[in-house]
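Taking it in order: structure first as C-alpha coordinates, then the write-up.
Since this is a predicted model, take the numbers as computed values, not measurements. Counting convention: from 1, in listed order, for ligands and their atoms alike.
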Amino acid sequence: MGAPRPPAASYVDLIGPALLRHGSEAQRRRFIRSLLSGEELWCQGFSEPGAGSDLAALRTRAERQGDTLVVNGQKVWTSHADIADWCFLLCRTEAEAPKHKGLSLLLVDMRSPGVTVRPLRQMTGEAEFCEVFFEDVRVPGDLLVGAPGAGWQIAMGILAHERGPVWTFTFQRKIRRSLEDLLRTARAHPAGVRALRDPVLRQRLTQVWIEVELLRLAGYRSLTRL
Ligand SMILES: Cc1cc2nc3c(=O)[nH]c(=O)nc-3n(C[C@H](O)[C@H](O)[C@H](O)COP(=O)(O)OP(=O)(O)OC[C@H]3O[C@@H](n4cnc5c(N)ncnc54)[C@H](O)[C@@H]3O)c2cc1C
(Lines give C-alpha, C1' and ligand atoms only; values in the text may rest on other atoms or scores of the structure.)
Protein backbone atom coordinates (compact mmCIF):
# COMPACT_ATOMS: atom_id res chain seq x y z
CA MET A 1 0.00 0.00 0.00
CA GLY A 2 1.33 3.42 -0.92
CA ALA A 3 4.34 1.88 -2.70
CA PRO A 4 5.26 3.46 -6.05
CA ARG A 5 4.08 1.57 -9.15
CA PRO A 6 6.81 -0.31 -11.01
CA PRO A 7 7.76 1.16 -14.41
CA ALA A 8 5.26 0.41 -17.21
CA ALA A 9 7.71 -1.88 -18.97
CA SER A 10 8.40 -4.07 -15.95
CA TYR A 11 5.29 -6.20 -16.75
CA VAL A 12 5.30 -7.43 -13.16
CA ASP A 13 1.49 -7.81 -13.35
CA LEU A 14 1.66 -10.07 -16.40
CA ILE A 15 4.68 -12.37 -16.36
CA GLY A 16 4.86 -12.30 -12.53
CA PRO A 17 1.64 -14.31 -11.92
CA ALA A 18 2.51 -16.66 -14.84
CA LEU A 19 5.90 -17.47 -13.29
CA LEU A 20 4.38 -17.96 -9.84
CA ARG A 21 1.78 -20.34 -11.26
CA HIS A 22 3.63 -22.18 -14.03
CA GLY A 23 7.35 -21.38 -13.67
CA SER A 24 9.99 -23.74 -12.31
CA GLU A 25 11.58 -23.06 -8.93
CA ALA A 26 14.76 -21.95 -10.76
CA GLN A 27 12.78 -19.53 -12.98
CA ARG A 28 11.02 -18.00 -9.98
CA ARG A 29 14.32 -17.58 -8.12
CA ARG A 30 15.98 -16.07 -11.18
CA PHE A 31 13.27 -13.58 -12.22
CA ILE A 32 10.76 -12.64 -9.49
CA ARG A 33 13.08 -10.46 -7.41
CA SER A 34 14.29 -8.35 -10.37
CA LEU A 35 10.69 -8.09 -11.64
CA LEU A 36 9.52 -6.67 -8.32
CA SER A 37 12.46 -4.27 -8.02
CA GLY A 38 12.11 -3.14 -11.65
CA GLU A 39 15.79 -3.88 -12.28
CA GLU A 40 14.89 -5.91 -15.36
CA LEU A 41 12.31 -4.72 -17.87
CA TRP A 42 10.17 -7.05 -19.98
CA CYS A 43 8.15 -7.00 -23.16
CA GLN A 44 5.24 -9.15 -24.31
CA GLY A 45 5.94 -11.06 -27.55
CA PHE A 46 2.48 -12.24 -28.61
CA SER A 47 1.10 -10.33 -31.66
CA GLU A 48 2.44 -10.97 -35.16
CA PRO A 49 1.68 -9.43 -38.56
CA GLY A 50 -0.72 -12.34 -39.30
CA ALA A 51 -1.80 -13.06 -35.72
CA GLY A 52 -3.59 -10.27 -33.83
CA SER A 53 -7.11 -11.12 -32.71
CA ASP A 54 -6.50 -14.65 -34.01
CA LEU A 55 -3.46 -15.07 -31.77
CA ALA A 56 -3.28 -18.86 -32.14
CA ALA A 57 -2.42 -18.36 -35.83
CA LEU A 58 1.05 -17.18 -34.81
CA ARG A 59 3.96 -18.57 -36.80
CA THR A 60 7.09 -17.70 -34.82
CA ARG A 61 8.58 -21.11 -34.10
CA ALA A 62 11.11 -22.58 -31.69
CA GLU A 63 12.78 -25.83 -32.73
CA ARG A 64 14.63 -28.10 -30.33
CA GLN A 65 18.33 -28.66 -30.90
CA GLY A 66 19.57 -30.69 -27.93
CA ASP A 67 19.06 -28.61 -24.77
CA THR A 68 18.44 -25.45 -26.77
CA LEU A 69 15.41 -23.97 -28.55
CA VAL A 70 16.15 -22.08 -31.76
CA VAL A 71 13.67 -19.27 -32.44
CA ASN A 72 12.78 -17.82 -35.85
CA GLY A 73 9.97 -15.40 -36.65
CA GLN A 74 8.61 -11.89 -36.17
CA LYS A 75 6.50 -10.08 -33.58
CA VAL A 76 4.78 -6.70 -33.93
CA TRP A 77 3.21 -4.03 -31.68
CA THR A 78 5.65 -5.14 -28.97
CA SER A 79 5.46 -2.28 -26.47
CA HIS A 80 8.79 -1.18 -24.94
CA ALA A 81 10.80 -3.88 -26.76
CA ASP A 82 13.51 -1.28 -27.41
CA ILE A 83 14.26 -0.97 -23.68
CA ALA A 84 13.34 -4.48 -22.51
CA ASP A 85 15.89 -6.89 -21.06
CA TRP A 86 13.62 -9.92 -21.49
CA CYS A 87 10.67 -10.99 -23.62
CA PHE A 88 7.98 -13.50 -22.69
CA LEU A 89 7.51 -14.98 -26.09
CA LEU A 90 4.59 -17.06 -27.30
CA CYS A 91 5.83 -19.33 -30.08
CA ARG A 92 5.09 -22.59 -31.85
CA THR A 93 7.10 -25.54 -30.52
CA GLU A 94 4.91 -28.50 -31.50
CA ALA A 95 4.65 -28.25 -35.28
CA GLU A 96 2.30 -31.24 -35.66
CA ALA A 97 -0.13 -30.33 -32.85
CA PRO A 98 -3.50 -28.54 -33.38
CA LYS A 99 -2.89 -24.78 -33.47
CA HIS A 100 -3.89 -23.98 -29.86
CA LYS A 101 -1.96 -26.96 -28.48
CA GLY A 102 1.33 -26.40 -30.29
CA LEU A 103 2.37 -23.22 -28.48
CA SER A 104 4.83 -22.65 -25.63
CA LEU A 105 5.95 -19.66 -23.58
CA LEU A 106 9.68 -18.91 -23.69
CA LEU A 107 11.71 -16.37 -21.73
CA VAL A 108 14.09 -14.76 -24.21
CA ASP A 109 17.05 -12.54 -23.36
CA MET A 110 16.59 -9.50 -25.63
CA ARG A 111 20.38 -9.18 -25.95
CA SER A 112 20.70 -12.63 -27.53
CA PRO A 113 22.41 -12.70 -30.93
CA GLY A 114 19.75 -12.74 -33.68
CA VAL A 115 17.23 -10.43 -31.92
CA THR A 116 16.57 -7.22 -33.89
CA VAL A 117 14.23 -4.51 -32.58
CA ARG A 118 12.77 -1.82 -34.84
CA PRO A 119 10.69 0.89 -33.12
CA LEU A 120 7.50 1.89 -34.99
CA ARG A 121 7.08 5.68 -35.08
CA GLN A 122 3.43 6.74 -34.47
CA MET A 123 1.76 9.89 -35.81
CA THR A 124 2.25 11.43 -32.34
CA GLY A 125 6.01 11.18 -32.88
CA GLU A 126 6.33 8.61 -30.11
CA ALA A 127 7.59 5.10 -30.70
CA GLU A 128 6.03 2.95 -27.98
CA PHE A 129 5.60 -0.12 -30.17
CA CYS A 130 8.26 -2.11 -31.98
CA GLU A 131 8.71 -4.86 -34.49
CA VAL A 132 10.95 -7.63 -33.17
CA PHE A 133 12.73 -10.08 -35.46
CA PHE A 134 14.16 -13.41 -34.27
CA GLU A 135 16.74 -15.06 -36.48
CA ASP A 136 18.21 -18.33 -35.19
CA VAL A 137 18.00 -17.05 -31.61
CA ARG A 138 19.27 -19.73 -29.22
CA VAL A 139 17.31 -20.00 -25.95
CA PRO A 140 18.31 -22.45 -23.18
CA GLY A 141 15.63 -25.15 -22.88
CA ASP A 142 15.17 -24.45 -19.15
CA LEU A 143 13.67 -21.04 -20.04
CA LEU A 144 10.50 -22.67 -21.36
CA VAL A 145 7.68 -21.93 -18.87
CA GLY A 146 5.43 -24.85 -17.88
CA ALA A 147 5.05 -27.87 -20.14
CA PRO A 148 5.86 -27.76 -23.87
CA GLY A 149 2.56 -27.09 -25.67
CA ALA A 150 0.95 -25.43 -22.61
CA GLY A 151 1.61 -21.92 -23.94
CA TRP A 152 -1.97 -21.12 -24.95
CA GLN A 153 -3.35 -21.80 -21.48
CA ILE A 154 -0.54 -19.76 -19.86
CA ALA A 155 -1.03 -16.90 -22.36
CA MET A 156 -4.78 -16.80 -21.60
CA GLY A 157 -3.92 -16.43 -17.91
CA ILE A 158 -1.54 -13.56 -18.74
CA LEU A 159 -4.21 -11.85 -20.87
CA ALA A 160 -6.79 -12.25 -18.08
CA HIS A 161 -4.41 -10.37 -15.77
CA GLU A 162 -3.88 -7.73 -18.49
CA ARG A 163 -7.62 -7.22 -19.13
CA GLY A 164 -8.53 -7.48 -15.45
CA PRO A 165 -6.29 -5.68 -12.95
CA VAL A 166 -4.09 -3.80 -15.45
CA TRP A 167 -6.83 -2.38 -17.70
CA THR A 168 -9.50 -1.94 -15.04
CA PHE A 169 -7.31 -0.06 -12.58
CA THR A 170 -4.95 1.87 -14.86
CA PHE A 171 -5.79 2.35 -18.55
CA GLN A 172 -9.59 2.37 -18.28
CA ARG A 173 -9.37 5.03 -15.56
CA LYS A 174 -6.95 7.11 -17.65
CA ILE A 175 -9.23 7.00 -20.70
CA ARG A 176 -12.27 7.88 -18.55
CA ARG A 177 -10.41 10.83 -16.99
CA SER A 178 -9.38 12.09 -20.47
CA LEU A 179 -13.02 11.98 -21.60
CA GLU A 180 -14.18 13.83 -18.46
CA ASP A 181 -11.40 16.45 -18.94
CA LEU A 182 -12.48 16.93 -22.56
CA LEU A 183 -16.13 17.51 -21.56
CA ARG A 184 -15.16 19.84 -18.69
CA THR A 185 -12.94 21.91 -21.00
CA ALA A 186 -15.65 22.09 -23.67
CA ARG A 187 -18.32 23.18 -21.16
CA ALA A 188 -16.04 25.99 -19.92
CA HIS A 189 -15.90 27.76 -23.31
CA PRO A 190 -18.80 29.26 -25.34
CA ALA A 191 -17.49 27.61 -28.53
CA GLY A 192 -17.30 24.28 -26.70
CA VAL A 193 -20.85 24.66 -25.37
CA ARG A 194 -22.07 25.35 -28.93
CA ALA A 195 -20.15 22.32 -30.24
CA LEU A 196 -21.69 20.10 -27.56
CA ARG A 197 -25.17 20.92 -28.95
CA ASP A 198 -24.21 19.35 -32.27
CA PRO A 199 -26.18 16.06 -32.52
CA VAL A 200 -23.46 14.22 -34.49
CA LEU A 201 -20.77 15.18 -31.97
CA ARG A 202 -23.08 14.25 -29.07
CA GLN A 203 -23.62 10.86 -30.67
CA ARG A 204 -19.88 10.29 -31.05
CA LEU A 205 -19.16 11.32 -27.46
CA THR A 206 -21.92 9.04 -26.21
CA GLN A 207 -20.42 6.17 -28.20
CA VAL A 208 -17.01 6.81 -26.58
CA TRP A 209 -18.65 6.90 -23.14
CA ILE A 210 -20.39 3.57 -23.84
CA GLU A 211 -17.09 2.00 -24.95
CA VAL A 212 -15.26 3.17 -21.81
CA GLU A 213 -18.08 1.74 -19.71
CA LEU A 214 -17.86 -1.57 -21.61
CA LEU A 215 -14.10 -1.62 -20.99
CA ARG A 216 -14.72 -1.20 -17.26
CA LEU A 217 -17.32 -3.97 -17.16
CA ALA A 218 -15.18 -6.32 -19.30
CA GLY A 219 -12.31 -5.67 -16.87
CA TYR A 220 -14.49 -6.61 -13.89
CA ARG A 221 -15.61 -9.77 -15.70
CA SER A 222 -11.95 -10.75 -16.19
CA LEU A 223 -11.21 -9.94 -12.55
CA THR A 224 -13.93 -12.27 -11.29
CA ARG A 225 -12.54 -15.09 -13.45
CA LEU A 226 -8.95 -14.87 -12.20
C1 LIG B 1 -1.72 0.10 -26.78
C2 LIG B 1 -1.41 -1.26 -27.34
C3 LIG B 1 -0.30 -1.95 -26.88
C4 LIG B 1 -0.01 -3.22 -27.39
N5 LIG B 1 1.09 -3.87 -26.92
C6 LIG B 1 1.34 -5.12 -27.33
C7 LIG B 1 2.45 -5.84 -26.79
O8 LIG B 1 3.23 -5.33 -25.97
N9 LIG B 1 2.67 -7.09 -27.22
C10 LIG B 1 1.84 -7.70 -28.12
O11 LIG B 1 2.08 -8.86 -28.43
N12 LIG B 1 0.78 -7.04 -28.68
C13 LIG B 1 0.52 -5.76 -28.30
N14 LIG B 1 -0.55 -5.08 -28.84
C15 LIG B 1 -1.36 -5.71 -29.89
C16 LIG B 1 -2.76 -6.14 -29.41
O17 LIG B 1 -2.69 -6.84 -28.24
C18 LIG B 1 -3.56 -6.94 -30.46
O19 LIG B 1 -2.99 -8.16 -30.75
C20 LIG B 1 -3.65 -6.25 -31.74
O21 LIG B 1 -3.89 -4.89 -31.57
C22 LIG B 1 -4.82 -6.84 -32.53
O23 LIG B 1 -4.32 -7.30 -33.70
P24 LIG B 1 -4.34 -6.50 -35.09
O25 LIG B 1 -3.91 -5.10 -34.82
O26 LIG B 1 -3.56 -7.34 -36.04
O27 LIG B 1 -5.86 -6.43 -35.47
P28 LIG B 1 -6.74 -7.53 -36.21
O29 LIG B 1 -6.72 -8.81 -35.45
O30 LIG B 1 -6.35 -7.58 -37.65
O31 LIG B 1 -8.16 -6.88 -36.07
C32 LIG B 1 -8.51 -5.70 -36.82
C33 LIG B 1 -9.97 -5.40 -36.60
O34 LIG B 1 -10.78 -6.50 -37.07
C35 LIG B 1 -11.64 -6.96 -36.03
N36 LIG B 1 -11.75 -8.41 -36.11
C37 LIG B 1 -10.74 -9.31 -36.09
N38 LIG B 1 -11.22 -10.56 -36.19
C39 LIG B 1 -12.57 -10.46 -36.27
C40 LIG B 1 -13.62 -11.41 -36.39
N41 LIG B 1 -13.39 -12.72 -36.46
N42 LIG B 1 -14.88 -10.95 -36.44
C43 LIG B 1 -15.14 -9.61 -36.39
N44 LIG B 1 -14.18 -8.66 -36.28
C45 LIG B 1 -12.92 -9.08 -36.22
C46 LIG B 1 -10.99 -6.52 -34.72
O47 LIG B 1 -11.94 -6.34 -33.68
C48 LIG B 1 -10.35 -5.19 -35.13
O49 LIG B 1 -11.29 -4.14 -35.04
C50 LIG B 1 -0.85 -3.80 -28.38
C51 LIG B 1 -1.96 -3.08 -28.85
C52 LIG B 1 -2.23 -1.83 -28.34
C53 LIG B 1 -3.43 -1.09 -28.88
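Side-chain contact check for Gln74 and Arg59: no donor-acceptor pair (N or O, by modelled atom type) lies under 3.5 Å. Judged purely by distance below 3.5 Å, without hydrogens or angles, the side chains of Glu211 and Gln207 pair a donor atom with an acceptor atom.
Note that atom 45 (C) of ligand 1 has no protein non-hydrogen atoms nearby, at separations under 4.0 angstrom. Distances from atom 21 (O) of ligand 1 to the protein include no heavy-atom value under 4.0 Å. By the definition of a contact as any protein heavy atom under 4.0 Å away, atom 13 (C) of ligand 1 is in contact. Atom 16 (C) of ligand 1 is flagged as protein-proximal [any protein heavy atom, distance under 4.0 Å]. Atom 35 (C) of ligand 1 lies below 4.0 Å from none of the non-hydrogen atoms of the protein. Distance check for atom 41 (N) of ligand 1: every protein heavy atom is found at 4.0 Å or beyond. Within a 4.0 Å radius of atom 48 (C) of ligand 1, the protein contributes no non-hydrogen atoms. When distances from atom 2 (C) of ligand 1 to the protein are checked, a heavy atom turns up under 4.0 Å.
Annotation: Glu48 places no N or O atom under 3.5 Å from an N or O atom of ligand 1; distance criterion only. When only interatomic distances are considered, the shortest N/O to N/O separation between Gln44 and ligand 1 falls below 3.5 Å.
Here Arg33 does not pair with Glu39 in a salt bridge; the nearest charged N to carboxylate O distance is not below 4.0 Å. Between Glu213 and Arg216 there is a salt bridge, since at least one side-chain N of the basic residue sits less than 4.0 Å from a carboxylate O of the acidic one.
Looking at atom 8 (O) of ligand 1, its nearest protein heavy atom turns out to be Ser79 N, 3.0 Å. Here the protein heavy atom with the shortest distance to atom 24 (P) of ligand 1 is Gly52 CA, 4.0 Å. Here the protein heavy atom with the shortest distance to atom 25 (O) of ligand 1 is Trp77 NE1, 3.7 Å.
Residue Phe46 has at least one heavy-atom neighbour below 4.0 Å for each of these atoms of ligand 1: 11 (O).
The residue among Ser53, Gly50, Ser47 with a heavy atom at the shortest distance from atom 31 (O) of ligand 1 is Ser53. Considering Phe88, Phe129, Phe171 only, the shortest heavy-atom separation from atom 52 (C) of ligand 1 involves Phe129.
Within 6.0 Å of the CD atom in Gln203, the count of heavy atoms belonging to other residues, nucleotides or ligands does not exceed 12.
When each of Val76, Ile83, Val117, Thr116 is tested with Cys130 by the rule side-chain contact (heavy atoms from CB on, under 4.5 Å), just one qualifies, namely Val117. Screening Arg64, Lys101, Lys99, Arg61 for a salt bridge (Lys or Arg N to Asp or Glu O under 4.0 Å) with Glu94, the sole residue that qualifies is Arg64.
Checked against the 6.0 Å centroid criterion, the rings of Tyr11 and Trp86 do not qualify as a close aromatic pair. Two rings, from Trp42 and Phe31, have their centers less than 6.0 Å apart.
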Mind running side-chain hydrogen bond (donor to acceptor under 3.5 Å, both in side chains) on Glu48 and Thr60 for me, showing each step along the way?
CA-CA 8 Å; Glu48 296 186 5; Thr60 295; 2.7 Å; yes

